[in-house]
Undergrad: 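Please find one structure pasted underneath; my questions will follow.
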Amino acid sequence: MKNKKSSVLLIYTGGTIGMMQDAHSNELRPFDFKSLTKQIPELNKFDIGLSSIAFKKPIDSSNMHPLVWVELAEIIKANYSHFDGFVILHGSDTMSFTASALSFMLENLNKPVVLTGSQLPIGIIRTDGKENLITAIEIAGAQEKGKPVVSEVCIYFEYKLYRGNRTFKYNSSHFDAFRSPNYQALAEAGVNIQYNKSALLKPNGKALKVHLELDNDLVVLKLYPGISQKIITSILNTKGIKAVILETFGAGNCTTQEWFTTELKKIIDKGIIVLNITQCREGQVIQGMYETSSHLKKIGVIGGSDLTFEAAVTKIMFLLGQKITNTQIKKSLQTNLRGELTTN
Ligand code: ASP
């Protein structure tokens, strides 16, 4: 018996991939997605049913906003039962933030959501967009014994499939724009697509739960040698904040000057969450490994292990948006919710 043809919904948000050079003005403009197969005739050869939705006003992803993540989550929610997989075409600049946000918003995801884009527009001969798009669709439509091979939010770029909430944009001029140093690639596309099955998240069989509430009342304090007390005090006392992401050195270390610890303790006592992540892009925070992080642990700073900056920001927005207590938020920050975190 022939396998059922799988179906994939393509959601075009904007970014370089969907642009064409205007023949007269040479300007890069979003192209009409209805004529997608005209641009990429290879798509007709797929044994995958393809439908598409395009944002009315495609955006450069540097204009990304949590409200757009809500829009995307709503589109997936409304179409979840009609498609086997989803491909989101997105600018690469903030793709890791969107992938991380969606991973938290889509609880119990049992189908693939693959984000992709390109460094060169699809209408340009040397574009990386065609391969990225074609393989992303193939991954989103891949089934084994009637079940999706992948059931998480991922990024496919330049022959590699990554867990979205483990990635960051690393390179603005090479085709391999993303890195995931703290978690292995989920698949590699060569002659065949080789899935790293043991690395993939296992679907839990529960019904999809979509979380649409996000709260962006947070600040980021990136430390550097010589940062002044005046700056730190002003950032930590920003009106209305509920959380601070502290970007520290190495394994989560920072200055032990008393005024700094006192300022931090003051806001923690007021109920503001402080999360410690490292400025290193590989490795993790281990509070208490050095004397220069023990003081943070003592006053109640939460260790962020190997969370990327992108995952930390979106996880906090997601948790602040839930109607849960501070104790639950702190616990969830240290819990691996969607494969974003290594717990020791
Ligand atoms: N600035 C573009 C964007 O992120 C770059 C890209 O598409 O890769 O939308």
Side-chain angles (χ1 to χ4, degrees), residues 9-22 25-33 35-36 39-40 43 52-73 75-76 86-103 105 113-137 139-140 153-180 185 189 214 216 220 281 308-314 317:
L9 179 64
L10 203 58
I11 307 164
Y12 174 57
T13 67
T16 304
I17 189 165
M19 297 187 184
M20 293 277 295
Q21 207 151 25
D22 184 279
S25 67
N26 279 344
E27 261 175 3
L28 286 176
R29 294 223 189 110
F31 71 81
D32 177 10
F33 251 70
S35 61
L36 185 67
Q39 304 303 331
I40 317 173
L43 292 177
S52 65
I53 294 182
F55 277 18
K56 269 202 193 84
K57 268 202 176 157
I59 55 168
D60 183 299
S61 79
S62 299
N63 276 319
M64 191 44 67
H65 190 276
L67 288 175
V68 184
W69 298 336
V70 170
E71 198 177 336
L72 279 171
I75 293 175
I76 291 171
F86 300 85
V87 171
I88 301 176
L89 294 179
H90 194 290
S92 60
D93 288 351
T94 61
M95 192 183 287
S96 295
F97 288 91
T98 300
S100 300
L102 288 176
S103 76
M105 296 166 85
V113 174
V114 186
L115 285 94
T116 195
S118 68
Q119 298 278 56
L120 282 177
I122 215 130
I124 288 192
I125 297 178
R126 285 186 54 250
T127 185
D128 49 329
K130 273 193 188 181
E131 198 286 320
N132 284 348
L133 175 57
I134 289 169
T135 308
I137 294 171
I139 291 168
V153 181
C154 325
I155 287 184
Y156 178 77
F157 225 88
E158 191 64 5
Y159 304 108
K160 291 232 172 89
L161 183 74
Y162 300 108
R163 174 164 301 151
N165 57 30
R166 290 291 194 154
T167 62
F168 61 91
K169 186 171 177 181
Y170 168 82
N171 202 314
S172 62
S173 49
H174 286 179
F175 286 150
D176 61 337
F178 291 90
R179 289 284 187 277
S180 165
L214 297 169
N216 63 358
V220 178
R281 305 265 29 192
T308 60
F309 173 64
E310 292 78 352
V313 167
T314 54
M317 284 189 191

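Numbering starts at 1 and runs along the sequence shown. No experiment lies behind these values; they were computed from the predicted model shown. Counting convention: from 1, in listed order, for ligands and their atoms alike.
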Undergrad: Looking only at distances, please establish whether an N/O atom of ligand 1 is found under 3.5 Å from an N/O atom of Ser118.
TA: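 For ligand 1, there is an N or O atom that lies under 3.5 Å from one belonging to Ser118.
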Undergrad: Taking only heavy atoms of Gly15, which atoms of ligand 1 are found under 4.0 Å from at least one of them?
TA: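 Answer, ordered by atom number: 7 (O), 9 (O).
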Undergrad: Does an N or O from Thr94, backbone or side chain, lie closer than 3.5 Å to an N or O of ligand 1?
TA: no
Undergrad: Return the residue, atom name and 0.1 Å-rounded distance of the protein heavy atom closest to atom 9 (O) of ligand 1.
TA: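 Nearest neighbour among protein heavy atoms for atom 9 (O) of ligand 1, to 0.1 Å: Ser61 N, 2.7 Å.
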Undergrad: The criterion is side chain to side chain contact (heavy atoms under 4.5 Å, CB included); which residues satisfy it with Thr314, sequence neighbours excluded?
TA: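 In terms of side chain to side chain contact (heavy atoms under 4.5 Å, CB included), with neighbours along the sequence ignored, Thr314 is linked to Trp69, Ser100, Ala101, Phe104.
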Undergrad: Note the single closest protein heavy atom to atom 8 (O) of ligand 1, along with its residue, its atom name and the distance in Å.
TA: Ser92 OG, 2.5 Å
Undergrad: Does Ala177 come within less than 4.0 Å of ligand 1, judged by its heavy atoms?
TA: no
Undergrad: Taking the side chain as every heavy atom from C-beta outward, state whether Leu10 and Leu133 have any atom pair closer than 4.5 Å.
TA: yes
Undergrad: Is a side-chain N or O of Gln119 found less than 3.5 angstrom from the main chain of His174, in a donor-acceptor match?
TA: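 Present.
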Undergrad: Between Phe168 and Arg281, is there a cation-pi geometry (under 6.0 Å to ring centre, at most 45° from the normal)?
TA: yes
Undergrad: So, is Ser62 polar-close to ligand 1, with some N/O to N/O distance under 3.5 Å?
TA: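 No, there is no polar N/O contact under 3.5 Å.
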Undergrad: To which protein heavy atom is atom 6 (C) of ligand 1 closest, and what is the distance rounded to 0.1 Å?
TA: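 The closest one turns out to be Thr16 OG1, 3.0 Å.
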Undergrad: Please answer whether the main-chain N or O of Pro121 pairs with a side-chain N or O of Thr127 as donor and acceptor at a distance below 3.5 Å.
TA: yes
Undergrad: Among residues at least two apart in sequence or on other chains, which ones pass side chain to side chain contact (heavy atoms under 4.5 Å, CB included) with Ser180?
TA: Tyr162, Arg166, Thr167, Tyr183
